[in-house]
Amino acid sequence: MSTIQRASVPEPVRQGLGLIQNSVSLVILAMGVLLLLTGFVLQTGVWAAILAVWGTALTIVGATAYAIIWWSYQ
């Protein structure tokens, strides 16, 4: 019988991931940041530019949508 120990995830990290999983606009924002960083890592070529533009657009859309929804609940 094998025993596997899982590392405990700190509570702030668990809360942050739960917040992202429960919000479509934050998922869009996170995907935009991921695409933007991928374009930055590539740095040259057409795909780097495409990923940077898509990432920027998704980041703006996600942040704006989250801000509007947050503001409407206040």
Side-chain angles (χ1 to χ4, degrees):
M1 202 187 242
S2 67
T3 58
I4 299 174
Q5 291 181 343
R6 294 185 182 193
S8 63
V9 178
E11 188 63 29
V13 173
R14 187 177 309 161
Q15 287 178 350
L17 290 176
L19 181 66
I20 290 173
Q21 288 176 345
N22 294 329
S23 173
V24 174
S25 57
L26 288 180
V27 170
I28 292 171
L29 179 95
M31 189 64 188
V33 169
L34 182 66
L35 288 176
L36 191 62
L37 291 175
T38 304
F40 180 73
V41 168
L42 291 177
Q43 286 193 350
T44 57
V46 175
W47 281 108
I50 289 172
L51 292 175
V53 170
W54 286 354
T56 302
L58 286 176
T59 302
I60 291 170
V61 167
T64 303
Y66 186 77
I68 289 171
I69 293 169
W70 176 82
W71 181 71
S72 70
Y73 282 114
Q74 295 302 316

### Task
Heavy atoms only: give me the nearest Ala48-Thr44 pair and the separation to one decimal.
CB-O, 3.7 Å
## Note on the structure
Students should find that the hydrophobic cluster of Leu35, defined by side-chain heavy atoms under 4.5 Å apart, otherwise consists of Val24, Ile28, Met31, Leu34, Leu42, Val46, Trp47, Ile50, Leu51, Trp54, Leu58
### Task
Return yes if some donor-acceptor pair links the side-chain N/O of Ser72 with the main-chain N/O of Ile69 below 3.5 Å, else return no.
yes
